[in-house]
Amino acid sequence: MRTVIVTGGNSGLGFETAKKIAKNQDYKVILACRNPEKAREAVGKIKEETGNENILSMQLDTASLASVRKFAQDYESGDNGRIYALLLNAGINGMNSGLTEDGMEIVFQTNHLGHFLLANLLLPHMEADGKIFSTSSDMHDSPMGKMVWEGTEALAHPSEDGKKSRLRYSFSKLCNLYFVYELAGRLKSDGSGIRVNAFNPGFMQTNFAPVDKARTAMVKMTMPKRFGDLEKSSDAYAELVVNDELAVTSANYYDRSTTAIRSSELSYNTANAKELWEASEKLCGI
């Protein structure tokens, strides 16, 4: 039986993807969620709709490094076996603001740093041919203007202007890609068979970023290339996990489908990716 962990798996893209993976009875799915009650409800729904009883939840808040470490410890101490796929999917939108209990900007820590630590802690528990996915976004290439990388410190501990920046979410999604590309390179150098890729679900109506019908219609009209469909995106995400003929290589950016495309030119800056990785290690204390 293959074990799959989906962070943020109690709703939206994470829930729909987890449910579709669970339709295959050979998969055990763990929903790693911040809210235990909502997670339990999601587990019940997936069991009922798929008939797969190998569904469970574990508490995880990627905005807390302590929570991430506890999750990894609980996984290691439990009888969970090796991890076949790790979907780093939990996240918050750019309307959130403030600092975490660790003193870092909340969007940066929730969307990037918590997952960075989680993946590093769980790597020793991955299957030799496992798959890691990071849910990024086409917003990593912001439509609001050219993005300039000013370093990890500016994202983790922003200035007063930085705390209000509308680009905080875009930079967190750019961090997801830097993480994927850097980790893919490191694993390849180590001779590892673990595949690491990114997935863009597109802009869609979920509780992640609830929008009304008028705004949805506006996005469809003004930015049709950025619009996504929950059903189609979750179909593709689940297929990338369960289909052994897909995601067989690393450092790919899948765009609302099982087809890989190029991400932004900025996302391929190897110096930035290395700087983010090394700074993230220090921030996490690893």
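Below, each value reflects all heavy atoms present in this structure, side chains not excepted, and no hydrogens, waters or symmetry copies.
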**Report entry** side-chain hydrogen bond (donor to acceptor under 3.5 Å, both in side chains) involving Ser267 - partner list, sequence neighbours excluded
**Finding:**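 So Ser267 forms a side-chain hydrogen bond (donor to acceptor under 3.5 Å, both in side chains) with Ser263.
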Does any pair with a residue in [range] pass side-chain hydrogen bond (donor to acceptor under 3.5 Å, both in side chains), and if so which ones, sequence neighbours excluded?
{"range": "residues 144-160", "value": "Trp149-Glu275, Thr152-Glu275, Glu153-His157, Glu160-Lys163"}
{"range": "residues 66-80", "value": "Lys28-Asn80, Lys70-Asp74"}
{"range": "residues 277-286", "value": "His112-Ser280, Trp277-Glu281"}

Query raised in the report: Which pair of non-hydrogen atoms, one from Ile46 and one from Ala18, has the smallest distance, and what is that distance?
Result: CD1-CB, 4.1 Å
Query raised in the report: What's the shortest heavy-atom distance between Tyr254 and Ala260, and which atoms?
Result: CD2-N, 3.7 Å
Requested in this report: Measure the spacing between CD1 of Ile132 and OG of Ser250 and express it to the nearest 0.5 Å.
Outcome: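 It comes to 8.5 Å.
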**Report entry** Pairing residues for Tyr181 by the ring-ring contact (aromatic ring centres under 6.0 Å, His included) criterion, not counting sequence neighbours
**Finding:**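 Counting only residues at least two positions away or on another chain, Tyr181 forms a ring-ring contact (aromatic ring centres under 6.0 Å, His included) with Tyr268.
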Report task. Could you give me the CA-CA distance, side-chain angles and deciding distance for Ser57 and Ile30, then say whether side chain to side chain contact (heavy atoms under 4.5 Å, CB included) is met? Result -> CA-CA 5 Å; Ser57 64; Ile30 299 175; over 6 Å; no
Is a salt bridge present between [X] and [Y], judged by a nitrogen-to-oxygen distance below 4.0 Å?
{"X": "Arg262", "Y": "Asp141", "result": "no"}
{"X": "Arg40", "Y": "Glu37", "result": "no"}
{"X": "Lys45", "Y": "Glu41", "result": "no"}
{"X": "Lys19", "Y": "Glu49", "result": "yes"}
{"X": "Asp235", "Y": "Lys20", "result": "yes"}

Sub-3.5 Å donor-acceptor pair from the side chain of [X] to the main-chain atoms of [Y], do we have one?
{"X": "Asp102", "Y": "Leu65", "result": "yes"}
{"X": "Ser134", "Y": "Val180", "result": "no"}
{"X": "Thr17", "Y": "Phe15", "result": "no"}
{"X": "Asn111", "Y": "Phe108", "result": "no"}
{"X": "Asp229", "Y": "Glu231", "result": "yes"}
{"X": "Asn52", "Y": "Tyr27", "result": "yes"}
{"X": "Ser172", "Y": "Tyr169", "result": "yes"}
{"X": "Arg34", "Y": "Ala63", "result": "no"}

Query - Donor + acceptor pair across side chains of Thr135, Tyr237 (<3.5 Å) - result: yes
Query raised in the report: Between Gln109 and Thr100, do the side chains contain an N or O donor and an N or O acceptor separated by less than 3.5 Å?
Result: yes
Requested in this report: Decide yes or no for Ile5 and Leu122: does some side-chain heavy atom of the first lie under 4.5 Å from some side-chain heavy atom of the second?
Outcome: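 Answer yes - side chains close enough.
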**Report entry** Over 12 foreign heavy atoms within 6.0 Å of CZ, Arg186
**Finding:**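 Yes, because the 6.0 Å sphere around CZ of Arg186 holds more than 12 heavy atoms from other groups.
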Query raised in the report: Are Tyr253 and His140 close enough that their ring centres sit under 6.0 Å apart?
Result: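 Yes.
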Contacts table for residues 188-195: side-chain donor-acceptor under 3.5 angstrom, sequence neighbours left out:
{"residue": "Ser189", "atom": "OG", "partner": "Gly185", "partner atom": "O", "Å": "3.1"}
{"residue": "Ser192", "atom": "OG", "partner": "Ile194", "partner atom": "N", "Å": "3.1"}
{"residue": "Arg195", "atom": "NE", "partner": "Asp129", "partner atom": "O", "Å": "3.4"}
{"residue": "Arg195", "atom": "NE", "partner": "Gly130", "partner atom": "O", "Å": "3.3"}
{"residue": "Arg195", "atom": "NE", "partner": "Gly193", "partner atom": "O", "Å": "3.4"}
{"residue": "Arg195", "atom": "NH1", "partner": "Ala247", "partner atom": "O", "Å": "3.4"}
{"residue": "Arg195", "atom": "NH2", "partner": "Asp129", "partner atom": "O", "Å": "2.6"}

